[in-house]
2 protein chains.
Amino acid sequence: MDISHTEENYLKAIFKISERDGKPASTNAISTEMETTAASVTDMVKRLSDKTLIHYERYRGVTLTGQGEQIATHLIRKHRLWEVFLVDKLHFSWDEVHEIAEQLEHIKSQSLVERLDEYLGFPKFDPHGDPIPDSNGNFAVRKQILLSELKPGERGEVVGVQDHTTAFLQYLDRMELALGTQVEVLEYFEYDESMRVLANNGREQVLSKKVCQNLFIQKH
Amino acid sequence: MDISHTEENYLKAIFKISERDGKPASTNAISTEMETTAASVTDMVKRLSDKTLIHYERYRGVTLTGQGEQIATHLIRKHRLWEVFLVDKLHFSWDEVHEIAEQLEHIKSQSLVERLDEYLGFPKFDPHGDPIPDSNGNFAVRKQILLSELKPGERGEVVGVQDHTTAFLQYLDRMELALGTQVEVLEYFEYDESMRVLANNGREQVLSKKVCQNLFIQKH
DNA sequence: AAATAATTTTAAGCCAACCTAAAATAGTAT
DNA sequence: ATACTATTTTAGGTTGGCTTAAAATTATTT
Ligand SMILES: [Mn+2]
Ligand SMILES: [Mn+2]
Ligand SMILES: [Mn+2]
Ligand SMILES: [Mn+2]
């Protein structure tokens, strides 16, 4: 069976939504994610259901079948591997790669993915700290918490971001808070839920609530 | 204006045909190249004409406009750069890369192409010896002739292939006639137009007319 | 020049992916 | 339970890219 570019994007959207919400993806949620109308989604969802890529019941939402999930995770694998390529080999910055990877993830060639993976040294995480599933669709798990959950005196390492917007990524560059940065919470301000943080570079700065709630930390 | 994957492939086909035949591409020639029907071609050709990517007159065939040619050569540039990437970096063999490059050539990102070019060391020729146009669409020219045009006693270097089929490429691998091989014609057999050839590796062998007519040589 | 053959275009229609507007269903508030 | 709101589906239509069959044009043969 062969699956279109568009169908692939729907499967990825459904995967993302069900993972985030922990329940079947609603027509509306999918239409928001895909930036299209609910009517278009209903249309597509019927086709995907005919191809047994999803389970669909009218008014009940959508979940992926094993087959659908396999395709979705494989897309994510390709997306993230290409992002690593773009950053590590072509020296793009982490805020420039998502758009390009959105295109590259649709390239169909089993051997290409496997060779790329090898070429990149079998990375387990992408430039944003997101886990790269293996060829069976298994994601590495890592016990991570938000910076906002750290108490004064606790330390850890910046390992990922929740917010993937260009604005946030560029802000982090500016503040020298790249992945791998060691941080220690020095002080918590109840007033606006901001924190004074010490980074490994000796830099001390106050980070807003919003920033703290979008940075994943591995405690140590 | 934005151009679909399919439209891009038509432009590339038209470029290839007009270059090969030295005259406007006929509907039939395009339909053969695109593996579709003449009716579909007429249909598409109207659309491309509306977009001023081609000049089209009913029954008179098709030529590219400046704009159309620019897109076509840029596609060829991307195709060939990706082929270099696949061979040089991912260690694919030269008979495996065309299909994958057919997909990769459609990735849209100006900076990606330029960075890839730089990463590969600004190659001027692809793994099959075909010239890689620069970003203005200019192809390097090289005075090359077919092996079949060489006279006994003459020497040269294998620099390209006319036939790009897997069968031929694998045959060349088997015979150790990769690009860069130095060859000298020892003897010409009028009977079947074959040649006895000495390769730089000391290997001496008789090559058929068909082989000799599909190998590009740079004389010296 | 007329007849025949090849090429190209037109006509009509299919499918994927989208849209808007209206109808149906489900969820929430009174 | 009824009324109102939000969500979802259906109906009907568009566009790109494709198909087959028939008509028109051009090229070749006699
Ligand atoms: Mn991404
Ligand atoms: Mn990422
Ligand atoms: Mn190729
Ligand atoms: Mn090539």
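Chain letters run A, B, ... following the sequence lines, proteins first and then strands; every chain starts at 1.
Note that CG of B/L215 and CG of B/L147 are 6.0 Å apart. Values are rounded to the nearest 0.5 Å.
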Inset, instruction - Using the side-chain contact (heavy atoms from CB on, under 4.5 Å) rule, take A/D192 and A/K209 through it: C-alpha gap first, then chi angles, then the decisive distance, then the call. - result: CA-CA 7 Å; A/D192 62 354; A/K209 176 186 180 186; over 6 Å; no

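Taking atom CG of residue A/D2 and atom C1' of nucleotide D/dC18, one finds them 15 Å apart after rounding to whole Å.
For the pair A/T36 and C/dC19, the criterion of a side-chain N or O lying under 4.0 Å from OP1 or OP2 is met.
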Legend entry - Base-contact (B) and sugar-phosphate-only (S) positions in nucleotides 3-17 of chain C, heavy-atom cut-off under 4.0 Å, - elsewhere: ----SBBB-----SB

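Between the B/S31 side chain and the B/N28 main chain, a donor and an acceptor come within less than 3.5 Å of each other.
Among residues at least two apart or in separate chains, side chain to side chain donor-acceptor pair (under 3.5 Å) pairs with a member in residues 58-69 of chain B are B/T52-B/Q67.
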Show me the donor-acceptor pairs within less than 3.5 Å that the side chains of residues 80-88 of chain A make with the rest of the protein, sequence neighbours left out.
from: A/R80; atom 1: NH1; to: A/P131; atom 2: O; distance (Å): 2.6
from: A/W82; atom 1: NE1; to: A/L104; atom 2: O; distance (Å): 3.4
from: A/E83; atom 1: OE1; to: A/H128; atom 2: ND1; distance (Å): 3.1
from: A/E83; atom 1: OE2; to: A/H79; atom 2: NE2; distance (Å): 2.8

